[in-house]
> 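Handing you a structure now.
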Amino acid sequence: MLTAGIDVGSISTKAVLLEDGRFVRGRVAFTGYNAEAAGRRIFEEILQESGLTEDAVGGIIATGYGRKSVSFAGRAVTEILCHAAGARYLDAEIRSVVDIGGQDSKAIVLDADGRVKTFAMNDKCAAGTGRFLEVMARALEVDLDLFGALSLQAENPARISSLCTVFAESEVISLIARGEKRENIIAGIHESIGSRVSAMARRLGMVPPVMMTGGVAKNAGVVQALGKALDLPLRVSPQAQLTGAIGAAFLAARPE
Amino acid sequence: MASTGEDKRKVKAVKKMKDIMTTYYIEAKTAAQTGRKVAWITSGGPVEPLLAMDVIPVYPENHGAMIGASKMGVDLCEKAEAMGYASDLCSYARSDIACATVNGGPIGGLPRPDMLICGNNICGTVLKWYEVQARYFGCPLFIFDTPFCHTEFNDDMRRYVRRQVDEYTAFLAEACGRPFDFDRMKEVGRLSVEGQRTWQQVLDTAMNRPAPISAFDAFFHLALIVTLRGTQIAVDYYRELLAEMRERAAEGIGSIPNEKYRLLWDNLPVWYRTKWLSEKFASHGACLVADTYTSAWCGSLKYMDENDFLGSMAEGYSRIYLNIGVDEMADTVAAMVDKYGVDGVVLHSNRSCKPYSLGQYDIQRIVEERKGIPSLMIEADMVDERAFSESQIDTRIDAFMEVIRNRKN
């Protein structure tokens, strides 16, 4: 059976098609202003790409912040369950997941059977999320995609002490004014994310092996900083950003 | 016309409670005309001696809850911040301090106090808060200082608090211009214990499946055990409520339509979102069958002696839920999990209430380990809506209920 997962996040929307549990295709687009339209558009696009029509899809689950606005989905499931399911789909050994998405970060611990045992999410603050990185990329005038590679060249990561995105941005601006090297500032930003997210994950007690999921996992600098802060190696799939949508498509094949 | 499911679920006592509270506030607000004195008192403060002296007790914290429930908190909190108070200060304190200067809020402010009674068994903020109000109103302040009971309540503590009970009765004699009425005190003490005992019985009806009463119901019915504890009115009301709840239990009428999961709530309510939260949990078939907050007003019954109220209140008022160590708090929660058959714990990390929120991570861990049930932390504030983020809390609750559902199935 063909199933679809639609993950409408705060920054990007993801869609995945699975056929009898086998990965067919995934797609990422900006969410923009209208979450419902974003979900509908990406679903139509992925069907078109695959040469399929909507009635070929046997089950659809929506997840992410906009999950309830996806009217064509059979049901809505939270990101927690979908990232857990997606991580296990990508790597059956995984016992813990750290997801850093656009506006939130979460840590999830699974039991041996892959069921969610417990989870934690960041509080009402965007520090340590994808949005935080976007703000910093703008301040540094660096393409966000280059952040990972640049930070790995840092000799001496700068120290970003503020917990607040807005104040951290002014810290970064004063570091720029002082002539600090870009690589060091970026590495410092990654370390501040690593220490913030790891504090939340440590509170739950991470059980290895740990997988990092979400769009921010594409940034090798954050992966390294978070792994160091957690003192655990992190597994990262090339499909990290699609994890939530993969989990949703996977769960769509099962009865509620 | 046959009654619908929702009609039978309506609690009949609700109307009576509203009438009682209206009468209570009219009496308090007209005290100056009727020649009675008004005391402002903290929610965990020793109210019974006031009643023995016919002083009307008024609770800024109950008023704060009303301000929160009427969604008037942000306005007053912002006003307090403009007066120079930090936004990190308790939102009850901010609302009250601001409200006193403008007589705002849902009932046009509280009546002017003749005296202030401050018990620090609930927190340290009340000391400064009541000092501020004592200066503002120029009235006497009595501080009832209960040492924190980390692991025990020893004889030194008992002597220390007991001596303050004597100071308290002397303070009231002076404030009222007549000797303290020890005879009346005996009657008030007996009624207080009886009220607390009946309130506990009301809460205990939630042991039934389905629970006829939820924590959200209890947040409402709580008002009398706080404001009219020690009166016949409170005893009569809770007897009536108890009878109604027992009847509902016998008929299998639950507080929510289709109870599948039973949860425990920790910390104060989110007053401006009680309806949203109760509907949110109910949509998952989850009933909050117990809570640490409303049970705090009968939690130290075991230390009270109705025949020696003044003698036993030193211990009773010291060993309340917020004035004990985290281990004992965790024991209390774990015992409630067993007693009420709880599937999961919801902890409200309340920006305002530091003594209630500090230690919640430990309590969460201890209860998870000992009882093997999941728990959820939601961050909000009891009155200040600016600290509530709907979509974040919505996702957390949905995810938590998915975890509970998966575990039970």
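Excluded from the calculations below are hydrogen atoms, water molecules and symmetry mates; all remaining heavy atoms, backbone and side chain alike, are included. Numbers restart at 1 for each chain; the letters A, B, ... are given by sequence-line order, proteins then strands. The shown structure was predicted, so the numbers you read here are calculated from the model rather than taken from an experiment.
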> Flag the pair A:Arg67 and B:Asp394 as a salt bridge only when some basic side-chain nitrogen lies within less than 4.0 angstrom of an acidic carboxylate oxygen.
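The answer is yes: the pair qualifies as a salt bridge.
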
> For the atom pair CG (B:Asp398) and NZ (A:Lys68), what is the distance rounded to the nearest 0.5 Å?
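Reported to 0.5 Å precision, the distance equals 4.0 Å.
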
> If you count heavy-atom pairs under 4.5 Å with chain B, which of A:Leu81, A:Val116, A:Ile80 comes out on top?
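Of the candidates given, the most pairs with chain B belong to A:Leu81.
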
> Is it the backbone or the side chain of B:Tyr361 that comes under 4.5 Å from a heavy atom of chain A, or both, or neither?
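It is the side chain, since no backbone atom gets that close.
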
> Looking at A:Phe167, I want to see if its CZ is surrounded by more than 12 non-hydrogen atoms of other residues, nucleotides or ligands under 6.0 Å.
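Open.
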
> Need one label for B:Glu368: side chain, backbone, both or neither, based on atoms under 4.5 Å from any heavy atom in chain A.
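The side chain, not the backbone.
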
> Using a cut-off of 6.0 Å, state whether more than 12 heavy atoms not belonging to B:Lys128 lie near its atom NZ.
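Counting other residues, nucleotides and ligands, NZ of B:Lys128 stays at 12 neighbours or fewer.
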
> How long is the span from the OG1 atom in A:Thr118 to the CD1 atom in B:Ile373, to the nearest 0.5 Å?
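A:Thr118 atom OG1 to B:Ile373 atom CD1 measures 12.0 Å (nearest 0.5 Å).
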
> Thinking salt bridges, do B:Arg396 and A:Asp104 make one under a 4.0 Å N-O criterion?
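No, B:Arg396 and A:Asp104 are not salt-bridged.
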
> Measuring heavy-atom distances to chain A, does B:Arg407 have an atom under 4.5 Å in its side chain, in its backbone, in both, or in neither?
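Contact with chain A is through both the backbone and side chain of B:Arg407.
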
> With rounding to the nearest 0.5 Å, note down the distance linking CG in A:Asp111 to CG in B:Asn406.
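Interatomic distance, A:Asp111 CG to B:Asn406 CG, rounded to 0.5 Å: 9.5 Å.
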
> Does a sphere of radius 6.0 Å around CZ in B:Arg351 hold more than 12 heavy atoms from other residues, nucleotides or ligands, not counting ones at 6.0 Å or beyond?
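It does not: B:Arg351 CZ has 12 such atoms or fewer within range.
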
> Against chain A, label B:Leu376 side chain, backbone, both or neither, depending on which of its atoms sit under 4.5 Å from a heavy atom there.
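Just the side chain, heavy atoms under 4.5 Å.
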
> Is it true that, when you exclude B:Lys371 itself, more than 12 heavy atoms of the residues, nucleotides or ligands shown sit nearer than 6.0 Å to its NZ?
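Yes.
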
